[in-house]
There are 4 protein chains.
Amino acid sequence: MGKRKGPKYEQIIEAAVDVIAENGYYNSQVSKIAKRAGVADGTIYLYFANKEDVLISVFEEKMGQFITNIKDELTSRLSVEEKLHSLVANHFRQLSLSRNLAIVTQLELRQSSSHLRKQINDILKEYLLIMDGLIEEGKATGVFSDDLNEKLARQMIFGTIDEVVTTWIMNEYRYDLNELAAPVASMLLQGFGANVRAKQ
Amino acid sequence: MGKRKGPKYEQIIEAAVDVIAENGYYNSQVSKIAKRAGVADGTIYLYFANKEDVLISVFEEKMGQFITNIKDELTSRLSVEEKLHSLVANHFRQLSLSRNLAIVTQLELRQSSSHLRKQINDILKEYLLIMDGLIEEGKATGVFSDDLNEKLARQMIFGTIDEVVTTWIMNEYRYDLNELAAPVASMLLQGFGANVRAKQ
Amino acid sequence: MGKRKGPKYEQIIEAAVDVIAENGYYNSQVSKIAKRAGVADGTIYLYFANKEDVLISVFEEKMGQFITNIKDELTSRLSVEEKLHSLVANHFRQLSLSRNLAIVTQLELRQSSSHLRKQINDILKEYLLIMDGLIEEGKATGVFSDDLNEKLARQMIFGTIDEVVTTWIMNEYRYDLNELAAPVASMLLQGFGANVRAKQ
Amino acid sequence: MGKRKGPKYEQIIEAAVDVIAENGYYNSQVSKIAKRAGVADGTIYLYFANKEDVLISVFEEKMGQFITNIKDELTSRLSVEEKLHSLVANHFRQLSLSRNLAIVTQLELRQSSSHLRKQINDILKEYLLIMDGLIEEGKATGVFSDDLNEKLARQMIFGTIDEVVTTWIMNEYRYDLNELAAPVASMLLQGFGANVRAKQ
DNA sequence: TATGAATGAGCGTTCATTCAT
DNA sequence: TATGAATGAACGCTCATTCAT
């Protein structure tokens, strides 16, 4: 169990995302995922320890790539303001491009047991660390207020981004999520004490 | 079914909150709630249509009072800044006072089926409308930027508050949530273009 | 329990017939019968030992009157042929007049446990004895064949009448059951060796 | 669900007949049938859609063979009188050979919901059509009266056979059902106007 | 007598997981 | 590796019956 290799592993992950997005978390039986992946039910257990392991792996794989993409853009030499905007824009862009992934991470996977969600949070930690670094840099460079509470600032970034994406899904993608990156980043920066009047 | 009265109704609601907080949403069987409430399984069905109805009622009852409390404080003649601070502080205070309720609303109830969450959203709508009113007032009185995106602003308020509370729970209440109301409100106001330097 | 008196007893019996006819045997809960009878659930148990007792009593009361009616007409001085015709006609007439009773005795009560049906059979015994007497008389008077198997003859009478009524109900009363009394009696008599050519 | 194959399907059908015959229709839980069949509860649902489907299938399988057997004998070149006798004798013989089946079809399955009984009736229809054909032939060949009501005649055949079998079961098989075929057929034929004195 | 709120045993069905092939 | 038939524990809900008032 837990041997990660071969194309089957990927097939199952992809199938899980699609099945969960289409049927909802609690209608996503192992047998349904197996069928969609084109493998037998039992095969799932050759690649994953159990159903929960499949779901965690979905998040791991997908969020791993997600975070890598965001990191990649941040390494370039950008101002803090540009970095925050880049992070938000990248976050929105990636979820815009894969609505199934958006549904799964924003809605369906949150229905999982609190135990599973703790593990998901661990995976998210790397993403949060990126935000932490960004805030630190903002303060160090004098762009953000000295008295800014860093932890709260990060929670504000994540909470806002998260809520904006969720609302977009709940509104059935009726507007372009990408267009919200600029105003969202602007509000956040302003909240942190950066002078962004000009940008808005 | 669905006759709301007597002490049993309240007992069941309270039992449900405790059981869900302690066992998690998907480990909260009807029989467990009944036992905790000190009634027979069947008695649940004299007061509620089904299990889902119990959960919706938990949210209705608790959120109803929650929102009423927040509204009550807002009717006083306060500035927009004071109102936003009051809202955040009140939100944090109420959840500080009932950790089980906090767990249930922030973590466990989100595991419910999307069908149930839609109903929960309807209840939340009233809360969101309060926020909308506040933002409108802020723009009308010139406290907030003219070009503030109202929808996004509300999502920022809700997303931030929500994330702050969730993080507090995930950190096992290791700090005082109430002390975060002022900085959170301040960051939000600043994000909306209000001049709040002095207050912080 | 089992005190048979007062108008409530009758009310409950009547309510049971109606409720069973309208809802079917397995949708006829005690509470439904009580509501229809205009009494509390618990009151049923002041007049009947349990639900099964209600059902047996329905059959007892209704079949008792049913059989009495048939007996009354048979005491008159009629020929065997006339008596058989009278029995069939009377049977059909009574069920024609109360379709709810017909549904209950022909369809719904047969869904009861085999235990209950044994008791129903005991009640029917009196009716069967009437038929037995009739057949005996037919043989004694030479109207029926000497070698007629009396038990079988009775089963033929009952089985035929029963099936004709059931078929009539299954066909939703689309024809007049009463008009079938003459041909049915005629077939039976002929089957028993009576010369009924002229009558048909 | 509903995949009919392998020995398990047969096992479950046979187990159902035995369990129903021994415990009565409403004491025949799925778990009891599964245990008797030597399979897990869940296995039932690999072969049948639900409990009702098991019961319908019992009737389908058993009645299907029952009717086929009767048909097979009727295709031979027999007189109408012989055919009717054959039908009755065959009916009696088959139920004599499987008392559990007799109990199930005559007593227990009649307790099923009217919905289920409608489906059972559909299966029986083929049997009734055989009887219809027989009666028609009787009239066409002048064996039966010209003025015989065909519908009633069929109800007489079915009602009589049915009642004779039921009575035999209620009398706990104390006599040989097969011996009743001749007199029953004779009575029926005579009732239809056939000259059968000689045969009896 | 009469009430009706409360009881709790009982059951059909699902689905994650196993294992013989 | 891969299969998929088989497993059986688990749970929401109903309803006949009781009993305090």
Side-chain angles (χ1 to χ4, degrees), chain A residues 1 3 5-6 8-9 26-35 37-55, chain B residues 1 3 5-9 26-35 37-54, chain C residues 1 3 5-6 8-9 26-35 37-55, chain D residues 1 3 5-9 26-35 37-54:
Chain A
M1 63 167 85
K3 298 165 216 158
K5 53 177 169 183
K8 296 250 164 90
Y9 177 81
Y26 275 95
N27 246 335
S28 297
Q29 296 83 354
V30 169
S31 62
K32 212 176 260 175
I33 294 173
K35 189 174 220 172
V39 303
D41 293 15
T43 303
I44 301 264
Y45 293 87
L46 296 175
Y47 292 89
F48 302 89
N50 48 40
K51 186 181 179 182
E52 191 175 293
D53 188 29
V54 175
L55 302 174
Chain B
M1 61 164 88
K3 300 164 213 155
K5 52 176 169 183
K8 295 256 162 78
Y9 178 80
Y26 275 97
N27 242 336
S28 296
Q29 296 83 352
V30 169
S31 61
K32 213 176 260 176
I33 295 173
K35 190 174 225 172
V39 302
D41 292 17
T43 303
I44 300 269
Y45 295 89
L46 295 177
Y47 293 88
F48 302 90
N50 47 41
K51 185 182 178 181
E52 188 175 296
D53 187 29
V54 176
Chain C
M1 62 167 86
K3 298 165 216 160
K5 53 177 171 185
K8 298 249 164 90
Y9 178 80
Y26 276 95
N27 246 334
S28 297
Q29 296 83 353
V30 169
S31 62
K32 212 178 260 176
I33 295 173
K35 189 174 221 173
V39 302
D41 293 14
T43 304
I44 301 263
Y45 293 87
L46 296 175
Y47 292 89
F48 302 89
N50 48 40
K51 185 181 179 181
E52 190 175 292
D53 187 29
V54 175
L55 303 174
Chain D
M1 60 165 89
K3 301 162 211 158
K5 53 175 170 185
K8 295 255 162 78
Y9 178 79
Y26 276 96
N27 242 338
S28 297
Q29 297 83 352
V30 169
S31 62
K32 213 176 260 177
I33 294 172
K35 189 173 227 174
V39 301
D41 292 17
T43 304
I44 301 268
Y45 294 88
L46 296 177
Y47 293 88
F48 302 90
N50 47 40
K51 186 182 177 181
E52 188 176 296
D53 187 30
V54 176

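Just so it is clear, the model here is predicted, and its values are computed rather than measured. What you see below is based on every heavy atom in this structure, not just the backbone, and it leaves out hydrogens, waters and symmetry mates.
- In this structure, D:Tyr26 and C:Tyr26 have parallel ring planes: the angle between them is below the 30° cut-off, well short of the 60° mark.
- Pair assignment for F:dA10: E:dT13, on the basis of Watson-Crick or G-U wobble contacts that are both within less than 3.5 Å.
- In this structure, CG of A:Asn27 is placed 15 Å from C1' of E:dA16, rounded to the nearest angstrom.
- Atom OH of A:Tyr9 is separated from atom P of F:dA2 by 15 Å (rounded to the nearest Å).
- Residue D:Leu46 has its side chain nearest to F:dA5 when only F:dA5, F:dT17, E:dT13 are considered.
- For D:Ala40 and C:Asp41, each mapped to the nucleotide of DNA chain F holding its nearest heavy atom, the one lying further toward the 5' end belongs to D:Ala40.
- Within the shown strands, E:dT3 is the pairing partner of F:dA20 under the Watson-Crick or G-U definition, both distances less than 3.5 Å.
- Ranking E:dT18, E:dT7, F:dA6 by closeness to the A:Tyr45 side chain, first place goes to E:dT18.
- Out of F:dT7, E:dT3, E:dT7, the shortest distance to the side chain of C:Val39 is found at E:dT3.
- In this structure, A:Ser28 and D:Lys51 both approach DNA chain E, and ranking their closest nucleotides by distance from the 5' end singles out D:Lys51.
- In plain terms, the two heavy atoms of C:Lys32 and C:Asn27 that are nearest each other are NZ-O, 2.9 Å.
- Nearest nucleotide to the C:Val30 side chain, out of F:dT7, F:dA9, F:dT17: F:dT17.
- In the set E:dT7, F:dA2, F:dG12, F:dG12 carries the atom at the smallest distance from any side-chain atom of B:Gln29.
- Using a 4.0 Å cut-off, no side-chain N or O of C:Ser31 falls inside it from OP1 or OP2 of F:dC15.
- Each of D:Tyr26 and C:Lys8 was assigned the nucleotide of DNA chain E with the nearest heavy atom; the assignment lying further toward the 5' end belongs to C:Lys8.
- OP1 or OP2 of E:dA6 has at least one side-chain nitrogen or oxygen of B:Tyr47 nearer than 4.0 Å.
- Looking at every heavy atom in both residues, C:Ile33 comes nearest to C:Ser28 through CD1-O, 4.2 Å.
- Using the six-membered ring where Trp is involved, C:Tyr9 and C:Tyr47 have ring planes that are tilted, between 30° and 60° apart.
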